[in-house]
Amino acid sequence: MSKLIKFYMLLICFIIFFAVYGHYNFEINRTESLPLGIYHISYDETIRRNDIVVFCPPYNEFLEFAEKQGYFGKFKLVCDNKTPKYMKKAVGLPGDDIFITASGVYINKRKIKNSEPYEKILSDKIFQNYFKHIKLQDK
């Protein structure tokens, strides 16, 4: 069998798999915030440090501003509340002290690698309201 036929058969199987099963148990990351790829979704509600979580943030003035500025980019808005689905690493857990600053994010006084905000974000005044200290609480 030629390589081209094998490729097309594999591609068709991949498409069928995602059409039937993948929509409910997988997410595809197309952003820079995590490595590009396909992530399996578990519905376990226990979140551990460094788990990847998928969520729909509440639509507020911050996200409205971000949308108008084009921060959502070309991504389809998939949440019921007008926001894109977010995939992020859980770096803070209940009891942790979170400091969000212009130089990065700190968890219990330890800086998270590569957490510095983009220059464009630093120049937008609305983002200054999000530089703060947060003590994470249980649900």
Would you say the side-chain atoms of [X] pair up with the backbone N or O of [Y], donor to acceptor, closer than 3.5 Å?
| X | Y | answer |
| --- | --- | --- |
| Lys135 | Gly95 | yes |
| Ser115 | Gly104 | no |
| Lys111 | Ser103 | yes |

Interatomic distance, [X] atom [atom1] to [Y] atom [atom2] [nearest 0.5 angstrom]:
| X | Y | atom1 | atom2 | value |
| --- | --- | --- | --- | --- |
| Ile52 | Tyr86 | CD1 | OH | 15.5 Å |
| Asn50 | Lys89 | CG | NZ | 5.0 Å |
| Phe131 | Ile100 | CZ | CD1 | 9.0 Å |

Identify the two heavy atoms, one from [X] and one from [Y], that lie closest to each other, and give their separation to 0.1 Å.
| X | Y | answer |
| --- | --- | --- |
| Val53 | Ala90 | CG1-CB, 4.4 Å |
| Arg49 | Leu93 | N-CD1, 3.6 Å |
| Pro58 | Leu63 | O-CD1, 3.1 Å |
| Ile107 | Asp96 | CG2-OD2, 3.7 Å |

Side chains of [X] and [Y]: does their closest heavy-atom pair fall under 4.5 Å?
| X | Y | answer |
| --- | --- | --- |
| Phe55 | Lys85 | no |
| Ile98 | Lys132 | no |
| Met9 | Ile12 | no |

- Message: Is there a continuous path of hydrophobic side-chain contacts, each under 4.5 Å between heavy atoms, that joins Leu11 to Leu4?
- Response: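 The answer is yes; both residues are in one hydrophobic cluster.
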- Message: Taking Ile112 as the starting point, is it possible to reach Leu136 by hopping between hydrophobic residues whose side chains are less than 4.5 Å apart?
- Response: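 Linked within one cluster.
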